[in-house]
Amino acid sequence: MPIKKICCIGAGYVGGPSCSVMAMKCPDITVTVVDKSRERIAQWNSEKLPIYEPGLDAVVRECRGRNLFFSTDIETAIREAELIFISVNTPTKTFGMGKGRAADLKYVEGAARMIASVAAGDKIVVEKSTVPVRAAESVLKILRANNKPGACYQILSNPEFLAEGTAIDDLLNADRVLIGGEDTPEGQAAIHELSWVYEHWIPRSRIVTMNTWSSELSKLAPNAFLAQRISSINSLSAVCEATGADVSEVAKAVGLDSRIGSKFLQASVGFGGSCFQKDILNLVYICECLNLPEVAAYWQQVIDMNEYQMTRFSEKVIQSLFNTVTGKQIALLGFAFKKNTGDTRESPAIHVAKTLLDEGARLHIYDPKVDSSQIMHDLTHPMMTDQPENVKNLIEIHSDPYTATNGVHAIALCTEWDEFLNLDYGKIYEGMMKPAYVFDGRKILDHKKLIKIGFHVQTIGKRLQRPLVNRLWGSPNQV
Ligand code: UDX
Ligand code: UDX
């Protein structure tokens with residue numbers, strides 16, 4: 001059965017861009033992205049899309065209304081499609097068994113139940129959401145237990161590897177497309193159908209097929225490996241600060257080993273994003289459930305090192321500002337978890353902001369793409385504070401980096417936005433309280449130039465000062 005209609009449940013960071021690219025590359029297929037949120041669908045149908053992603057606007061503009069549709073009519077889209085992607089979110093559980101670690105599959109289960117209740121005829125159901133290994137089994141059980149007469153299901157795992165900020169390119173030129181399915185004639189036929197969709201633009205050699213469980217684990221594994229590299233280089237950044245080595249030089253030397261390679265070796269204030277922490281916690285939980293405590297402890301350490309790095313950065317700010325930030329004004333430049341996205345999920349900036357707010361600092365926050373309502377939401381969320389009104393009084397959100405830094409004691413740079421490279425730091429210095437501090441959590445600024453202007457500068461993995469005595473980041477009176 002050639003695929004003519006595709007439905008995608010979940011119009012988020014994954015479902016929206018991946019289906020938009022699919023519609024662009026498969027003009028012979030109608031792609032409908034559905035979501036329970038009316039507001040989100042209205043945004044997808046408007047001029048201002050709900051997510052910022054370079055290149056996405058042009059893709060949506062080309063296909064929307066032609067063979068790409070965004071709708072809240074979930075039932076009709078499911079009924080009409082031969083192939084259904086499940087792209088709903090799978091947040092870490094905040095209560096009960098596996099709290100703080102296991103993925104909460106309630107939305108995936110809800111999507112499966114919805115499919116079972118309305119679908120008739122053959123359907124290929126594809127897990128795109130990140131799920132624990134063997135989740136497909138649960139989806140299949142729900143579907144087959146609620147089978148309507150004539151309905152027949154195949155479940156495939158087809159994890160998404162796009163990174164935010166480069167999603168369109170990642171989708172257009174994917175290194176690999178994984179498709180996992182059952183080793184039965186029907187399972188193989190379903191794999192073949194989905195593969196055919198991708199073959200519209202991905203070379204066959206990059207489409208890898210495997211069993212469902214391998215595919216599910218192969219989603220978690222690369223994220224765990226990538227995060228592990230960042231935690232490894234971040235652990236060495238502490239050694240660099242204590243010894244006088246420069247972590248960028250070390251990373252360059254390490255990356256030149258062709259067996260290791262140079263990517264994901266950029267030391268930073270810590271990694272963020274919706275996937276790394278969540279997927280590793282999920283892996284840790286799975287290992288614990290499988291009675292593999294040593295494996296669980298091994299991966300947990302990647303998360304612990306990330307926490308340590310974010311804490312180390314915040315402590316550095318506090319120590320440098322004479323061990324107290326109470327009542328002091330601090331500018332946070334950047335709030336997104338990395339540049340070229342407006343996404344703040346698990347952003348290290350949230351961690352830094354919370355630590356400084358807990359110490360009574362007043363924050364002036366500027367990010368070129370994050371809405372002020374999102375920043376407020378992140379910092380006043382019940383998981384963050386039980387005194388949201390107090391926090392609100394301590395935060396000011398700016399739409400300009402110069403007003404954000406005017407009159408502050410220190411700047412903490414948390415996101416590596418390109419525009420921060422070209423700010424007029426002479427002008428900023430003039431407007432700041434003295435001594436004026438810059439804490440470069442991304443190691444992107446021209447530190448020599450800043451020191452020449454008069455700033456006291458601290459960064460990650462490099463001493464910009466005389467030998468230090470302090471175990472963590474050096475004593476406050478250096479540089
Ligand atoms: C994705 C993956 O699906 C997730 O498993 C992965 O770990 C992170 O990336 P993402 O697209 O980033 O999630 O999530 P989000 O942007 O929150 O989008 C999910 C969408 O699904 C939301 O728009 C939400 O409204 C929608 N949804 C959720 C439904 O339509 N129905 C539901 O029952 C639940
Ligand atoms: C990641 C994976 O890269 C992607 O394949 C998967 O589908 C989803 O999770 P994403 O979270 O969008 O993508 O961003 P990524 O570019 O991987 O960055 C994650 C975090 O690591 C960011 O906070 C980034 O700033 C940080 N990072 C990245 C570093 O600190 N150093 C590096 O060298 C690279």
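Because the structure is a prediction, the values reported are computed rather than measured. Both ligands and their constituent atoms are indexed starting at 1 by order of listing.
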What are the atoms of ligand 1, with element, lying closer than 4.0 Å to any heavy atom of Thr130?
4 (C), 5 (O), 6 (C), 7 (O)
Is any side-chain heavy atom of Thr355 closer than 4.5 Å to a side-chain heavy atom of Ile318?
yes
Is the closest N or O pair between Phe337 and ligand 2 shorter than 3.5 Å?
yes
Quick one: look up the protein heavy atom nearest atom 28 (C) of ligand 1 and list residue, atom name and how far away it is.
Asn89 OD1, 3.3 Å
Note the single closest protein heavy atom to atom 31 (N) of ligand 2, along with its residue, its atom name and the distance in Å.
Gln266 O, 2.8 Å
For ligand 1, which atoms sit closer than 4.0 Å to a heavy atom of Val14?
1 (C), 9 (O), 11 (O)
Could you tell me the residue and atom name of the protein heavy atom closest to atom 22 (C) of ligand 1, and the distance to it rounded to 0.1 Å?
Asp35 OD2, 3.3 Å
So is Phe161 polar-close to ligand 2, meaning N/O to N/O under 3.5 Å?
yes
Less than 4.0 Å is my threshold; does some heavy atom of Lys219 fall inside it relative to ligand 2?
yes
For residues Arg463 and Asp246, determine if any side-chain heavy atom of one lies less than 4.5 Å from a side-chain heavy atom of the other.
no
Could you find the nearest protein heavy atom to atom 2 (C) of ligand 2 and give me its residue, atom name and distance?
Asn223 OD1, 3.5 Å
Please walk me through it: do Lys141 and Glu137 pass salt bridge (charged side-chain N to carboxylate O under 4.0 Å, His left out)?
CA-CA 6 Å; Lys141 268 191 192 151; Glu137 204 169 18; 5.2 Å; no
Are the side chains of Asn158 and Lys128 in touch, meaning some heavy atoms are under 4.5 Å apart?
yes
Could you check which of Ala251, Gly273, Ser262, Gly272 puts a non-hydrogen atom nearest to atom 20 (C) of ligand 2?
Gly272
Nearest non-hydrogen protein atom to atom 19 (C) of ligand 2, with distance, is Phe276 CE2, 3.5 Å
Distance from atom 30 (O) of ligand 2 to nearest protein heavy atom, with residue and atom:
Ser268 OG, 2.6 Å
Quick one: pull up CZ in Arg66 and CE in Met24 and give me the separation to the nearest 0.5 Å.
9.0 Å
I need the single residue from Ser129, Ser87, Pro159 that forms a side chain to side chain contact (heavy atoms under 4.5 Å, CB included) with Val14. Which is it?
Ser87
Geometric cation-pi criterion, Lys278 with Phe276: 6.0 Å, 45°
no
Scanning both residues in full, the closest heavy-atom pair of Lys93 with Asp104 reads CG-CB, 3.6 Å
Subset of ligand 1 atoms that lie under 4.0 Å from at least one heavy atom of Arg40
15 (P), 16 (O), 18 (O), 22 (C), 23 (O)
The closest protein heavy-atom partner of atom 14 (O) of ligand 2 is Lys338 NZ, 2.9 Å
Where is the nearest protein heavy atom to atom 18 (O) of ligand 1: which residue, which atom, and how far?
Gly12 CA, 3.1 Å
Under a 3.5 Å cutoff, is there a donor and acceptor pairing between the side chains of Tyr425 and Asp446?
no
For Ser314 and Lys354, run side-chain hydrogen bond (donor to acceptor under 3.5 Å, both in side chains): C-alpha distance rounded to whole Å, both residues' side-chain angles, the deciding distance at 0.1 Å, then the answer.
CA-CA 9 Å; Ser314 311; Lys354 177 170 167 38; over 6 Å; no
When you look for heavy atoms under 4.0 Å from ligand 2, do you find them on the side chain of Arg229, its backbone, both, or neither?
neither
Shortest non-hydrogen separation from Asp440 to Leu445 and the atoms involved
OD2-N, 2.9 Å
protein heavy-atom neighbour closest to atom 33 (O) of ligand 1 works out as Tyr107 CD2, 3.7 Å
Go through it in stages, so that I can follow the logic: the residues are Glu164 and Phe337, the test is side-chain contact (heavy atoms from CB on, under 4.5 Å), and I'd like the CA-CA distance, side-chain angles, deciding distance and then a yes or no.
CA-CA 10 Å; Glu164 289 175 35; Phe337 79 95; 3.3 Å; yes
What I want to check is whether the side chains of Glu160 and Tyr13 have a donor and an acceptor closer together than 3.5 Å.
no
For Ala111, state whether at least one heavy atom is located under 4.0 Å from any atom of ligand 1.
no
Which heavy atom of Ala112 sits nearest to which heavy atom of Leu143, and what is that distance?
O-CD2, 3.4 Å
Could you tell me, atom by atom, which parts of ligand 2 come under 4.0 Å of a heavy atom of Glu164?
12 (O)
Here the atoms of ligand 2 under 4.0 Å from any heavy atom belonging to Ala163 are 3 (O), 12 (O), 13 (O)
What protein heavy atom is closest to atom 3 (O) of ligand 1, reported as residue, atom name and distance in Å?
Val88 O, 3.0 Å
Within the structure provided, determine whether Val284 and Tyr298 are in side-chain contact (heavy-atom separation under 4.5 Å).
no
contact_flag Arg345 ligand 1 heavy-atom lt 4.0 Å:
yes
Do Glu199 and Ser195 have side-chain N/O donor and acceptor atoms under 3.5 Å apart?
yes
Using a strict 4.0 Å cut-off to heavy atoms of Phe271, name the atoms of ligand 2 that fall inside it.
20 (C), 21 (O), 23 (O), 26 (C)
Considering non-hydrogen atoms only, spot the tightest contact between Thr459 and Glu241 and give its length.
O-OE2, 3.9 Å
State if Ser274 counts as touching ligand 1 under the rule of any non-hydrogen atom under 4.0 Å.
yes
Below 4.0 angstrom from a heavy atom of Gly10, which ligand 1 atoms are there? Numbered from 1 as shown, please.
20 (C), 21 (O), 26 (C)
Quick one: does Ile9 get an N or O within less than 3.5 Å of an N or O on ligand 1?
no
Where is the nearest protein heavy atom to atom 29 (C) of ligand 2: which residue, which atom, and how far?
Ile230 CD1, 3.6 Å
Taking the cut-offs as 6.0 angstrom to the six-membered ring centre and 45 degrees off its axis, would you call Arg64 and Phe70 a cation-pi pair?
no
With atoms numbered from 1 as shown, which atoms in ligand 1 lie under 4.0 angstrom from a non-hydrogen atom of Ser87?
3 (O), 19 (C)
Below 3.5 angstrom, do we get any N/O pair linking Lys278 and ligand 1?
yes
Check: of Asp279, Asp170, Leu265, Leu162, min heavy-atom distance to atom 7 (O) of ligand 2 comes from Leu162
Glu160: numbered ligand 2 atoms lying under 4.0 Å from its heavy atoms
7 (O)
Could you check whether any heavy atom of Arg442 sits closer than 4.0 Å to an atom of ligand 2, since that is the contact criterion I want to use?
yes
So which atom in Gly181 and which in Leu156 form the shortest heavy-atom distance, rounded to 0.1 Å?
CA-CD2, 3.8 Å
Per-residue contact class, Lys36 against ligand 1 - non-hydrogen pairs under 4.0 Å:
both
The closest protein heavy-atom partner of atom 9 (O) of ligand 2 is Cys275 CB, 3.4 Å
What protein heavy atom lies closest to atom 10 (P) of ligand 1? Include the residue and the distance to one decimal.
Tyr13 N, 3.8 Å
Where does the angle between the aromatic ring planes of Tyr198 and Trp201 fall among parallel (under 30°), tilted (30 to 60°) and perpendicular (over 60°)?
tilted
